[in-house]
Amino acid sequence: MELTRVGNHYKNNIGETVEIENGLVYPFLKSSDIKGEEILRCRKYVIVTQHHTSDNTSYIKERFPLTFSYLHEHKEFFDSRKSTIYKNRPDFCIFGIGDYSFKKYKIVISGLYKQTKFSIVGLIDDKETMLDDTTYLLGFEDKFLAVTTLKILNSKLVQEFIRSVFFEDSKRPISKELLMRIDLIKALNLLGNKRLGLSEDEYYEYKNKICPQPELNLLW
């Protein structure tokens, strides 16, 4: 499922040349790619067969025959997966996929590294960017909300808080539990508009859009 682009085609991780339609191929970031404040390109791509794990995948044969042929040729790899996640699921099912995966803008951070700064990624090659399962994200359709949230998370205030509850020796230094402790609204109120480089109108626009959405803190 993980591909590298080579000219007009792709190669998979066992060295095979893969010639398929681009319809189900999305840009893909791994933990090691999460660097810098804004990510504009990717090293890898991934075949995304579903929007939700329970989605029927029979459509692939008709709409993307080359992709179906490639997946079917490697069906033994899918059938050998032992996780109960895949039990009684459609062929070529994937996990860790949902509405959040298809958000236009994502604030991301790796769970595997000691880097506490967050990055933002938008569309790459005019497609939503997928992330591996060691990366945490907050998804947005509105670029202003995404960029302002990034400013809050990378502010000195929030970064000092993260480092105060951060365990460098952990297998995953950045964990969901740690991220869930960040209160965006409280941080926004403490920072104010000037420290975030926002006009008063922008500050209240952000606050009015975010405050009715407390579930944002639950999306990591």
Side-chain angles (χ1 to χ4, degrees), residues 1-5 22-53 55 94-155 158-159 161-162 172-185 187-188 191 196-198 202 205-207 209-220:
M1 303 292 268
E2 187 179 312
L3 308 172
T4 302
R5 182 179 283 171
N22 284 317
L24 301 182
V25 179
Y26 285 78
F28 182 52
L29 297 178
K30 307 186 83 166
S31 263
S32 55
D33 299 317
I34 309 300
K35 298 172 184 175
E37 188 163 275
E38 184 175 11
I39 302 168
L40 300 173
R41 57 187 61 87
C42 64
R43 297 181 301 116
K44 297 281 187 177
Y45 293 83
V46 66
I47 300 171
V48 179
T49 56
Q50 299 169 300
H51 278 225
H52 302 90
T53 304
D55 288 350
I94 54 179
F95 77 97
I97 198 79
D99 292 339
Y100 56 86
S101 305
F102 297 91
K103 293 293 186 180
K104 191 172 181 180
Y105 302 99
K106 298 181 179 79
I107 293 175
V108 297
I109 192 167
S110 168
L112 299 182
Y113 297 96
K114 298 174 183 179
Q115 171 62 256
T116 61
K117 288 280 189 176
F118 295 79
S119 303
I120 188 170
V121 60
L123 302 182
I124 296 177
D125 297 340
D126 295 321
K127 279 191 170 182
E128 298 88 349
T129 304
M130 301 295 136
L131 299 150
D132 76 3
D133 62 352
T134 65
T135 305
Y136 298 99
L137 72 92
L138 281 177
F140 301 84
E141 290 297 326
D142 184 319
K143 186 175 183 179
F144 169 69
L145 291 182
V147 170
T148 303
T149 302
L150 182 71
K151 288 180 180 179
I152 295 171
L153 292 172
N154 281 343
S155 68
V158 173
Q159 287 293 308
F161 168 74
I162 292 173
R172 283 203 182 197
I174 301 294
S175 66
K176 181 177 179 178
E177 289 70 28
L178 184 155
L179 295 169
M180 292 284 285
R181 294 180 67 179
I182 301 171
D183 187 330
L184 282 176
I185 304 304
L188 176 70
L191 288 165
L196 291 171
L198 301 175
E202 288 172 329
E205 178 188 352
Y206 178 84
K207 192 169 187 177
K209 287 181 176 179
I210 288 293
C211 283
Q213 302 180 60
E215 69 275 10
L216 272 175
N217 275 29
L218 303 179
L219 294 181
W220 296 107

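What you see below is based on every heavy atom in this structure, not just the backbone, and it leaves out hydrogens, waters and symmetry mates.
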Student: Under 3.5 Å, is there a donor-acceptor pair between the side chain of K106 and the main chain of S101?
Tutor: yes
Student: For the CZ atom of F118 and the OG1 atom of T149, what is their distance to the nearest 0.5 Å?
Tutor: 11.0 Å
Student: Using the salt bridge (Lys or Arg N to Asp or Glu O under 4.0 Å) rule, collect all pairs that involve residues 24-48, keeping only residues at least two apart or in two chains.
Tutor: E2-K30, E2-K44, D33-R43
Student: Considering non-hydrogen atoms only, spot the tightest contact between I124 and P27 and give its length.
Tutor: O-CG, 3.5 Å
Student: How far does CE of M130 sit from CD1 of I47, to the nearest 0.5 angstrom?
Tutor: 13.0 Å
Student: Pick out which of I107, L188, I185 makes a side chain to side chain contact (heavy atoms under 4.5 Å, CB included) with I152.
Tutor: L188
Student: When rounded to the nearest 0.5 angstrom, what distance separates CG in L123 from OH in Y26?
Tutor: 10.5 Å
Student: Quick one: does V48's side chain get under 4.5 Å of F102's, heavy atoms only?
Tutor: yes
Student: In the structure I gave you, are the side-chain heavy atoms of L145 and Y105 within less than 4.5 Å of one another anywhere?
Tutor: no
Student: I need the F140 CZ to I120 CD1 distance, nearest 0.5 Å.
Tutor: 8.0 Å
Student: With distance as the sole test, does T134 use its side chain to make a donor-acceptor pair with the main-chain N or O of G111 at under 3.5 Å?
Tutor: no
Student: What pairs meet the salt bridge (Lys or Arg N to Asp or Glu O under 4.0 Å) rule with one or both residues in residues 116-132, with sequence neighbours excluded?
Tutor: R5-D125
Student: Excluding sequence neighbours, so at least two apart, what forms side-chain contact (heavy atoms from CB on, under 4.5 Å) with E177?
Tutor: S175
Student: Could you work out, with side-chain hydrogen bond (donor to acceptor under 3.5 Å, both in side chains) as the rule, every residue matching H51, not counting sequence neighbours?
Tutor: none
Student: Just to verify, what does T116 make a side-chain contact (heavy atoms from CB on, under 4.5 Å) with, not counting sequence neighbours?
Tutor: Q159, I162, R163, F166, I174
Student: Nearest 0.5 Å please: distance from the CG atom of L196 over to the CG atom of N154.
Tutor: 11.0 Å
Student: What is the distance from atom CD1 of I109 to atom CG of L178, rounded to the nearest 0.5 Å?
Tutor: 8.0 Å
Student: Determine whether L138 and L179 make a side-chain contact, defined as any pair of heavy atoms from C-beta on separated by less than 4.5 Å.
Tutor: no
Student: Name all residues meeting the side-chain contact (heavy atoms from CB on, under 4.5 Å) criterion together with F144; count only those two or more places apart in sequence or in a different chain, and write none if there are none.
Tutor: D142, T148, L198, E202, E205, Y206
